[in-house]
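The block underneath contains the structure these notes are about, expressed in structure tokens.
Below, chain A is the first sequence line, B the second, and so on; all start at residue 1. All heavy atoms count here, side chains included; hydrogens, waters and symmetry mates do not.
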2 protein chains.
Amino acid sequence: MPARAGKPDAREKLLDAALVLLREKGYGATTVDDLCAAAGVTKGAFFHHFRSKEELGVAAVRHWSEVTGALFAQADYHRHEDPLDRVLAYLELRRTLVRGSAGAYSCVAGTTVQEIHATSPAIRAAADESILGGAAHIEADLAAALARHPVPGVDAHGLALYVQAAIQGAFVVGKARDDPSVVVASIEHVERYVRLLFGRSA
Amino acid sequence: MPARAGKPDAREKLLDAALVLLREKGYGATTVDDLCAAAGVTKGAFFHHFRSKEELGVAAVRHWSEVTGALFAQADYHRHEDPLDRVLAYLELRRTLVRGSAGAYSCVAGTTVQEIHATSPAIRAAADESILGGAAHIEADLAAALARHPVPGVDAHGLALYVQAAIQGAFVVGKARDDPSVVVASIEHVERYVRLLFGRSA
DNA sequence: CTAAGCGTACCGACCAGTTGGTATGTGTCA
DNA sequence: TGACACATACCAACTGGTCGGTACGCTTAG
């Protein structure tokens, strides 16, 4: 993909490679050499763009936020007029995205934060931002839905975070079971929960 | 715990140390030297009891299953007559267990499987068994509750796995947010889901 | 010319695993 | 009873390879 000749693309190639490798092997097991080989770049290029492996970790998680943010921003589930319909369409989209191996469908932020939450504050903070950003995709819609149909003890922020948590957990169990169908089934449970909360029948 | 004098306990000490270190630092970042230091044992003892670090990983996950299995087996939530009450009491127990740092409340199997699911089939299988075992703690009760109050499209096995997934995901978000209160809030959402499913008011 | 972008060669630290050895049983047979 | 063979449990020093990171040189655009 030689978009523009002369433009720096080693950095982009490294970040894209990181998205795959981090999800497949985790942060610790992914070596700098692995990343360079996958990106078709040498170590010199790596440390030209990133001062350390940790700095790449932060950049990769932020890159992940951007990639997924763009994906959901341009998705057409926003077209629904009813905010609850938008939330349900979002969940349906997330469900249909689950295909193939865990390295293809799981989440960079969730995978990475499990390993480094106690050892790398910078990556942990980036992962936190990424997950909050993911929750933000539905938080406003949930707030609007709750305004129309209040549920005692439930607030939009907490519910949005729970949806993210349930999906993250589905990835974990999907990896353990080595079977994406349990991820799909779990997301269906999340959809059922949202419908039950708002008294919407299937 | 000097049960019987002369009995080997380096193995036990290593496994107990592994439960802490694996949850705190993850599998990759936990070195054999770390484990030996935490257990107060030398490397010679480590490789006397385990042929490799991977073999310890498998043993540690199995040890985790035994420890948590014993914890839930002797818990008194089983006393409830109604199976749904037992499930709700189980969730309440899990919620009250969330305190302190992620290294104290999170799950060895879930943390480890994220890293090694693609690289170590043996540990992955052990983690899978552990998570299935966790689901088994409530699966029979869910089956009984569903027998009394069937819910279309919901089976006990899938629901039990979803409960495990939601809790695993709560740990992930708890680590990212560095705040156990989001874990508690997520488990409360799971409790609300179960109550809604079975038409049980709070 | 100059500096950004990238490559090659290399270094020191670290880490999983090895080696060779000690201490303490434990069964057994004269 | 005791001495010999053997096994288990553990220790400390070491090794070979790997990994994150560095030094430095070459190329090309402005």
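Protein atom CD of Glu55(B) is 14 Å distant from nucleotide atom C1' of dA16(C), rounded to whole Å. To the nearest angstrom, P of dA9(D) lies 12 Å from CD of Glu12(B). Put simply, CZ on Arg51(B) is 16 Å from C1' on dT18(C), counting in whole angstrom units. Atom CG in Asp9(A) sits about 10 Å away from atom C1' in dG5(C), given to the nearest Å. Rounding to whole angstrom units, CZ of residue Arg11(B) and P of dT8(D) are separated by 14 Å. What separates CD of Glu54(B) from P of dC15(C) is a distance of 19 Å, to the nearest Å. When the C1' atom of dC10(C) is taken as reference, atom CZ of Phe46(A) falls 18 Å away, rounded to whole Å. Rounded to a whole Å, the NZ atom of Lys43(B) is 10 Å from the C1' atom of dT18(C).
Checked against dA12(D), dT8(C), dG17(C), the side chain of Thr42(A) finds its nearest nucleotide in dT8(C). With dA16(C), dC10(D), dT22(D) as the choices, the nucleotide that has an atom nearest any side-chain atom of Ala10(B) turns out to be dC10(D). When the nucleotides dG5(C), dT8(D), dG17(C) are ranked by their closest atom to the side chain of His48(A), dG5(C) comes out on top. When each of dG21(D), dC10(D), dG7(C) is scored by its nearest atom to the side-chain atoms of Lys53(A), the top-ranked nucleotide is dG21(D). Distance from the side chain of Ala45(A) is smallest to dG7(C) among dG17(C), dG7(C), dC10(D).
Taking 4.0 angstrom as the limit, His49(A) places none of its side-chain polar atoms (N or O) nearer than this to OP1 or OP2 of dA4(C).
Salt-bridge annotation for Lys25(A) and Glu115(B): absent, with no side-chain N of the basic residue lying under 4.0 Å from a carboxylate O of the acidic one.
A heavy atom lying under 4.0 Å from DNA chain D marks the following residues of residues 26-36 of chain A, by number: Thr30(A), Thr31(A), Val32(A).
Remark: Lys53(A) is positioned above the aromatic ring of Tyr27(A), its terminal NZ or CZ atom under 6.0 angstrom from the ring centre and at most 45 degrees off the axis.
Ring orientation note: the planes of Tyr77(B) and Phe72(B) are nearly perpendicular, at an angle over 60° on the 30°/60° scale. Using cut-offs of 30° and 60° for the angle between ring planes, the Phe171(B) and Tyr105(B) rings count as tilted.
For the pair His63(B) and Asp16(B), the minimum side-chain heavy-atom distance is below 4.5 Å. Looking at heavy atoms from C-beta onward, Asp178(A) lies out of side-chain contact with Asp128(B) at the 4.5 angstrom threshold.
Without hydrogens or angle criteria, Arg23(A) side chain to Cys107(A) main chain gives no donor-acceptor distance under 3.5 Å.
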